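Values below: every heavy atom of this structure, side chains too, minus hydrogens, waters and symmetry copies. Keep in mind it's a predicted model, so treat the numbers as computed, not measured.
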Amino acid sequence: MFDCVGLGICAVDFICLLSEYPGLDEKIDAETFSLQGGGPVPTALVTMAHFGAKTSYIGVVGDDEDGKFLLYEFSHAGVDTSATIIDKNGITNRAFIWVDKKSGKKSIVLTQDRSSSPLIADEVSRRHLMSTKYMHIDGRETQAVFPAVEFARENGVEVILDAGSPRDRMDELLGLVDYPVVSEAFCRNYFGKGSYQNYLGILKDRGARYAVITCGERGSYAIDDGEIYHQPAFNVSVMDTTGAGDVFHGAFIYGLIQGWQLKEIMRFSAAAAALKCTKIGGRSGIPDLTMVNKLLSQKEKNE
């Protein structure tokens, strides 16, 4: 039995911390380089595993050194990969990430040059979907994700969507998920100009139980039964924001697993995401429960 099964793309992150961004035809030295596993759904699953949840990843990695590295990272974190597809002819995705040392913000270039076909419905383990409470998706791999979501819902599984930008068949997908946890950029690009209240209302009207919008340093907004909550971001020394949203999603789902109320989930998720930002990369900064609870306690004392 799993607490959460995730379906989405994964990649190896090549991360450089830069004192300044180079111009065209300019060469500079990176202050720090790090190689880590990446991808929105995988990093969320690793986050949940850090907190003690049982998680499993469904997706594709290539039968190459990068793929072996990702499988090792999953195993080291305690994420099950028995339903992960190893593509004998495929090339594992890579993400090249430049992090601005001054702000901690980043630029990302993702390569998706896998030579084989994307994940298809028949490759998704129905046994895993029947053995979980929650399913986490990123809206990609549409050939597989729609049949998987429909099958999961038929078996009482609740679905969480991480949407950083609009994907194919997004209207249909928003009507199928229980918890859309989307970025502010997604809302602007997909819904057009509007307020957080408008965006949350639209998402709720699509059938969401809770709807959440993440806004980086401005915190996050959520709606439940018509009431809107704002969770400010925690003030920390930011090194790198890579993976902060992914960790937020992992912490959010962990809160659902624990049966917490929405306000408590939002506060916990914000603290976890903030702690991640104190280290480079999406994985090395993932906190454990002790670290998150310590930050929450410190914040309560100062309020």
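Proximity of Met135 to Val149: side-chain heavy atoms (C-beta onward) are separated by under 4.5 Å at one or more points. Counting heavy atoms from C-beta outward, Lys54 and Cys4 have side chains that stay 4.5 Å or more apart. Using a 4.5 Å heavy-atom threshold, the side chains of Asn155 and Leu129 count as separate. Side-chain atoms of Phe14 and Leu35, non-hydrogen and from C-beta on, do get closer than 4.5 Å to each other. With contacts defined as side-chain heavy-atom distances shorter than 4.5 Å, the pair Met170/Arg167 qualifies. Under the 4.5 Å side-chain criterion, counting only non-hydrogen atoms from C-beta, Asp3 is not in contact with Thr132. Side-chain atoms of Met48 and Ile257, non-hydrogen and from C-beta on, do get closer than 4.5 Å to each other. The shortest side-chain heavy-atom distance between Tyr210 and Pro180 does not fall under the 4.5 Å cut-off.
Connection of Ile160 to Met130 is not established within any shared hydrophobic cluster, with ILVMFWY side chains joined at heavy-atom distances below 4.5 Å, either directly or through further cluster members. Placement of Val99 and Met239 within a single hydrophobic cluster is found when ILVMFWY residues are connected by side-chain heavy-atom separations under 4.5 Å, directly or transitively. Hydrophobic clustering, with ILVMFWY side chains joined whenever heavy atoms are under 4.5 angstrom apart, groups Ile253 together with Val292. Each of Phe191 and Val181 belongs to its own hydrophobic cluster when Ile, Leu, Val, Met, Phe, Trp and Tyr are linked at side-chain heavy-atom distances under 4.5 angstrom. Cluster membership for Val238 and Leu18, using ILVMFWY side-chain heavy atoms within less than 4.5 angstrom, is not shared.
Around atom CD of Glu158, more than 12 heavy atoms belonging to other residues, nucleotides or ligands sit under 6.0 Å away. Heavy atoms of other residues, nucleotides or ligands lying less than 6.0 angstrom from CZ of Phe33 number more than 12. Heavy atoms from other residues, nucleotides or ligands lying under 6.0 Å from CD1 of Ile86 number 12 at most. For His76, the NE2 atom sits in a loose shell: 12 or fewer heavy atoms of surrounding residues, nucleotides or ligands are nearer than 6.0 Å. A 6.0 Å sphere centred on CD of Glu26 holds more than 12 heavy atoms belonging to other residues, nucleotides or ligands.
A donor-acceptor contact under 3.5 angstrom links the side chains of Glu184 and Tyr196, judged on distance only. If you check the side chains of Thr92 and Asp66, you find no donor sitting under 3.5 Å from an acceptor. Residues Tyr190 and Asp171 have side chains that bring a donor and an acceptor to within less than 3.5 angstrom of each other. Counted by atom type alone, Arg267 and Ser269 present zero donor-acceptor pairs between their side chains at under 3.5 Å. Using modelled atom types and a 3.5 Å distance limit, the side chains of Asp168 and Thr142 yield no donor-acceptor pair.
In terms of modelled atom types and a separation under 3.5 Å, the side chain of His136 and the main chain of Gly8 share no donor-acceptor contact. Side-chain atoms of Glu73 come within 3.5 Å of backbone N or O of Gly37 as a donor-acceptor pair. Using modelled atom types, no side-chain atom of Tyr57 and backbone atom of Val46 make a donor-acceptor pair closer than 3.5 Å. Remark: the backbone N or O of Val159 is paired with a side-chain donor or acceptor of Asp178 at under 3.5 angstrom. Panel note: side chain Thr81, backbone Thr84; no donor-acceptor pair is recorded below 3.5 Å. When atom types are taken as modelled, the side chain of Glu123 and the backbone of Ile120 share a donor-acceptor pair closer than 3.5 angstrom.
The minimum heavy-atom distance linking Ile9 with Pro40 is given by the pair O-CD, 4.4 Å. Taking every heavy atom of both residues into account, Ile223 and Lys204 meet most closely at CG2-CD, 4.0 Å. Across all their heavy atoms, Val79 and Ala49 have their closest contact at CG2-CB, 4.1 Å. Taking every heavy atom of both residues into account, Val182 and Phe186 meet most closely at CB-CD2, 3.7 Å. Considering all non-hydrogen atoms of both residues, Phe51 and Pro287 come closest at CE2-O, 3.3 Å. Leu161 and Leu174 get closest at one heavy-atom pair: CD2-CD2, 3.8 Å.
Taking the charged nitrogens against the carboxylate oxygens, Lys101 and Asp240 have no contact shorter than 4.0 Å, which rules out a salt bridge.
A perpendicular orientation is assigned to the rings of Phe252 and Tyr179, their planes being inclined by more than 60° (bins at 30° and 60°). Taking the six-membered ring where tryptophan is involved, the planes of Phe2 and His128 are essentially parallel, since the angle between them stays under 30° and well short of 60°.
With sequence neighbours left out, Tyr229 forms a ring-ring contact (aromatic ring centres under 6.0 Å, His included) with no residue at all.
A distance of 10.0 Å separates NZ of Lys68 from CG of Leu71, quoted to the nearest 0.5 Å. Taken from CG in Leu119 to CG in Leu7, the straight-line distance is 5.5 Å, to the nearest 0.5 Å. A distance of 9.0 Å separates CD1 in Ile28 from CD in Glu31, rounded to the nearest 0.5 Å. Going from atom OH of Tyr221 over to atom CD1 of Ile213 covers 9.0 Å, rounded to the nearest 0.5 Å. To the nearest 0.5 Å, the span separating CG on Asp246 from CG on Asp138 amounts to 9.5 Å. Rounded to the nearest 0.5 Å, atoms OH (Tyr199) and NZ (Lys193) are 9.5 Å apart.
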Open item on the list: The test is salt bridge (charged side-chain N to carboxylate O under 4.0 Å, His left out); show your working for Glu150 and Arg153 and say whether it passes.
Closed with: CA-CA 5 Å; Glu150 290 170 358; Arg153 288 172 61 91; over 6 Å; no
